[in-house]
Amino acid sequence: MPRRVVALAGGVGGAKLADGLYRALPSDALTVVVNTGDDFRKYGLYVSPDLDTVLYTLAGLAHPVNGWGLADDTRQMIEMMKLYGDEAWFGLGDKDLATNLLRTEALANGQPLSVITQDLARRLGIGATLLPMSDDQVATIVDTVEYGSQNFQEYFVRFRWQPVVKRLEYRGSESAAPAPGVLEALESADLIVICPSNPVLSIEPILQIRQIREALQNRRAPCLCVSPIIAGSALKGPAAKLMAELGMRATAAGVADYYGDLLDGFVIDDADHASSQDISTRVWVSNIVMRDAGDRIRLASELLAWGTELRRGSEVRGQ
Ligand code: FO1
């Protein structure tokens with residue numbers, strides 16, 4: 001069993017696999033490096049949707065249907081916004097405000113996002129290390145045919161990812177540094193997992209940070225990825241639509257191509273078993289739909305076992 005595991009994750013799909021790894025491993029064995037390209041300010045609050053999705057999922061507090069936000073939350077603030085005539089397109093729940101208020105206040109007091117995130121995780125009893133990819137701001141900007149350049153949440157939530165995308169920009173990524181702890185975790189990892197998150201919206205912002213990409217390229221540990229695409233569709237969100245709009249193959253094989261030699265192995269769904277031949281890295285075929293906690297733990301356990309096997313193999317080959 002790998003002792004130190006790093007997962008790269010974006011939103012809901014990524015959080016589910018991170019949760020499976022968290023439950024399958026000793027509680028301090030996991031570091032989750034989370035996309036912050038979706039972060040934005042709303043009503044004066046600094047909102048970090050992917051960090052919160054992972055935070056709430058690992059704490060067992062996530063909304064069971066949406067996957068983001070909190071279970072049993074209410075919408076009184078949003079209803080009041082609407083009374084004021086505000087469009088209120090971003091559905092911040094009342095309980096969710098607490099997280100966003102604490103984070104915004106701590107940022108205003110000069111604390112880095114990575115410190116705040118670990119503090120929130122600790123206060124919710126999470127034993128895993130949760131890290132934003134960077135303490136510096138990186139904003140995913142979506143250039144659309146219909147509305148020109150949009151910040152990510154406008155594209156994703158306000159326009160429900162319907163506009164056609166011409167180009168993506170990860171603004172600020174050239175000068176962003178990895179958050180403290182990210183490179184150390186990657187360098188000391190026994191296994192690296194790229195979660196089934198949107199490759200271009202959720203994982204690419206992380207990979208755009210030069211030192212993180214270099215750490216992955218120079219990795220000692222195997223890097224495994226679970227496909228976010230099954231039978232040409234994403235389980236949730238715009239991955240397939242967006243990949244097609246950007247001229248990529250919107251298939252599991254297309255995702256493996258996208259990551260290229262960052263991968264030592266790729267997990268695809270049973271439904272895609274025939275596409276194994278189109279994938280240039282090692283392939284594991286499984287049921288990758290995570291409907292409940294049992295599915296998350298089973299898939300995570302398969303990855304941990306495969307990672308152990310690959311590490312043994314590389315030792316035998318003396319690599
Ligand atoms: N996603 C939506 O589709 N609609 C919402 O109103 C919405 C509100 C929201 C509030 C807090 C939060 O942390 C996340 C929220 N999300 C919402 C999800 C989120 O914006 C996206 O799923 C991610 O950014 C993509 O990973």
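Order of listing sets the numbers, starting from 1, for every ligand and every atom in it. Only this structure's heavy atoms are used, side chains among them; waters, hydrogens and symmetry mates stay out.
The distance between the ring centers of Tyr155 and Phe159 does not fall below 6.0 angstrom. Proximity of the aromatic rings of Tyr43 and Phe90 is defined here by a centroid distance below 6.0 angstrom, and this criterion is not met.
Ranking protein heavy atoms by distance to atom 6 (O) of ligand 1, first place goes to Gly91 N, 2.8 Å. With respect to atom 14 (C) of ligand 1, the closest heavy atom belonging to the protein is Pro49 CB, 3.8 Å. Remark: minimum distance from atom 25 (C) of ligand 1 to any protein heavy atom is reached at Asp38 OD2, 3.3 Å. Here the protein heavy atom with the shortest distance to atom 2 (C) of ligand 1 is Trp68 CZ2, 3.4 Å. In terms of protein heavy-atom proximity, atom 11 (C) of ligand 1 is closest to Asp96 OD2, 3.3 Å.
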Apply side-chain hydrogen bond (donor to acceptor under 3.5 Å, both in side chains) to Asp39 and Tyr46, showing your working. CA-CA 7 Å; Asp39 292 12; Tyr46 185 93; 2.7 Å; yes

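For ligand 1, one of its N or O atoms has an N or O atom of Asp50 under 3.5 Å away. Not one N or O of Ser48 is nearer than 3.5 Å to an N or O of ligand 1, by distance alone.
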Table please: side-chain donor-acceptor pairs of residues 191-200 below 3.5 Å, with sequence neighbours left out.
residue	atom	partner	partner atom	Å
Ser197	OG	Gly10	N	2.9
Asn198	OD1	Val200	N	3.1
Asn198	OD1	Leu201	N	3.0

Pairs of donor and acceptor atoms involving the side chains of residues 287-294, under 3.5 Å and at least two apart or interchain, shall be tabulated with distances.
residue	atom	partner	partner atom	Å
Asn287	OD1	Val289	N	3.1
Asp292	OD1	Gly294	N	3.1
Asp292	OD1	Asp295	N	2.9

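Closest heavy-atom approach to atom 22 (O) of ligand 1 among the candidates Trp161, Phe156, Phe90, Phe40: Phe156. Across Asn66, Thr99, Val157, heavy-atom proximity to atom 4 (N) of ligand 1 is greatest for Val157.
When non-hydrogen atoms are compared, ligand 1 lies under 4.0 Å from the side chain of Gln153 (C-beta onward) but not from its backbone. Neither the backbone nor the side chain of Leu201 comes within 4.0 Å of ligand 1, counting heavy atoms alone.
Salt-bridge annotation for Asp19 and Arg296: present, with a side-chain N of the basic residue lying under 4.0 Å from a carboxylate O of the acidic one. Looking at Arg75 and Asp94, no side-chain N of the basic residue comes within less than 4.0 Å of a carboxylate O on the acidic one, giving no salt bridge. Taking the charged nitrogens against the carboxylate oxygens, Lys95 and Asp72 have no contact shorter than 4.0 Å, which rules out a salt bridge.
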